[in-house]
Amino acid sequence: MAGRMVVGSAALAGLVRPASAPDPAGGHRMLPVAPELTGLLPNRGLRRGSTIAVATGQPRRSGGTSLVLALLAEASRAGSWCAVVGVPTFGAGAAAELGIALDRLALVPHPGPEWATVIAALIDGVDVVVTAVPAAVSASVANRLAARARQRGSVLVPYGRWEGADVTLQVVRGAWEGLGSGRGRLRRREVTVSARGRGAAARPKEIKLWLPGEGLTRVIPRSAPVAASATGRSTAGRLRPLPRAVAAASTGPSRHGALTLVGPG
């Protein structure tokens with residue numbers, strides 16, 4: 001199935017329902033996550049209407065993107081629509097490998113100055129909205145977007161600093177496995193993910209897992225020995241950044257379907 005590109009202000013029209021429409025979730029208020037991540041979330045899943053922030057940490061390439069992919073995978077596999085905004089280097093290849101359905105994934109690499117309007121429109125009709133947080137976002141704008149997500153039944157996933165999230169996840173430590181004495185390939189990363197929040201998530205939690213693991217995330221047993229590792233960054237499984245105004249197309253059938261890109265004309 002060929003990829004497609006939707007341009008300009010009409011780009012979101014086909015993805016959203018009218019703003020006055022009620023939350024269609026009804027009693028289905030929970031979107032699934034990988035079993036390894038359930039212990040980090042107070043409801044053991046992505047509760048519709050919640051805001052689940054993923055802190056980027058220092059440096060920014062601290063594993064947050066892999067954590068975002070892991071959060072999306074089960075919900076996407078179960079049929080949910082997802083959107084990723086403001087992350088032009090988002091790895092579509094890595095997303096597909098984790099099971100994220102590209103035909104239900106909308107990418108907005110460059111939302112421009114109307115970032116808040118783009119996020120609000122996606123919240124109206126997409127199940128999970130991931131967004132890089134711009135440097136200057138006022139508390140009032142953040143609060144309005146979180147309130148809109150609660151009303152519409154969408155899960156808002158800010159990627160960056162975000163005050164007032166229901167839960168904030170962050171990769172606090174990580175080491176790569178696979179390198180020996182000057183040789184080898186980076187294969188997987190042992191990470192420690194922390195969770196803190198408010199209400200049911202007020203008590204901080206930490207878990208260790210492989211990210212990425214053997215195709216999926218996998219919790220590391222407490223008794224498991226520490227494997228030989230080296231710090232570094234792997235580029236395996238990633239594609240180069242997608243062009244701003246071009247959607248890649250394939251001439252044959254695709255196992256993952258079409259990828260929807262939204263961008264400037």
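Hydrogens, waters and symmetry mates play no part in the numbers below; they use all other heavy atoms, side chains included.
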Taking the side chain as everything from C-beta on, heavy atoms only, tell me whether [X] gets closer than 4.5 Å to [Y].
| X | Y | value |
| --- | --- | --- |
| F90 | V130 | no |
| V108 | L122 | yes |
| D166 | R47 | yes |
| T38 | V33 | yes |
| L71 | L37 | yes |
| L156 | I119 | yes |
| V84 | Y159 | no |

Just by modelled atom types, is the [Y] backbone N or O under 3.5 Å from a matching donor or acceptor in the [X] side chain?
| X | Y | answer |
| --- | --- | --- |
| R148 | A120 | yes |
| R161 | V133 | no |
| R150 | T51 | no |
| D127 | W81 | yes |
| R104 | S76 | yes |

Shortest non-hydrogen contact from [X] toward [Y]:
| X | Y | value |
| --- | --- | --- |
| E36 | I207 | O-CD1, 3.2 Å |
| V126 | A83 | CG1-N, 3.7 Å |
| C82 | L72 | SG-CD2, 4.0 Å |
| P32 | A78 | CG-CB, 3.9 Å |
| T56 | G160 | CG2-CA, 3.8 Å |
| L145 | A116 | CD2-O, 3.8 Å |

Item to check | Results of side-chain contact (heavy atoms from CB on, under 4.5 Å) for A53 - residues two or more places apart only | outcome: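 Listed in chain order: P158, W162, A165, T168.
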
Hey, what do you get for [atom1] ([X]) to [atom2] ([Y]), rounding to the nearest 0.5 Å?
| X | Y | atom1 | atom2 | value |
| --- | --- | --- | --- | --- |
| L40 | K205 | CG | NZ | 7.5 Å |
| Q170 | T192 | CD | OG1 | 11.5 Å |
| S50 | R29 | OG | CZ | 9.0 Å |

Item to check | Verdict with supporting geometry, I52 and V155, side chain to side chain contact (heavy atoms under 4.5 Å, CB included) | outcome: CA-CA 7 Å; I52 311 295; V155 180; 4.2 Å; yes

Item to check | salt bridge (charged side-chain N to carboxylate O under 4.0 Å, His left out) partners of R44, counting only residues at least two apart | outcome: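 For R44, no residue satisfies salt bridge (charged side-chain N to carboxylate O under 4.0 Å, His left out) once neighbours in sequence are set aside.
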
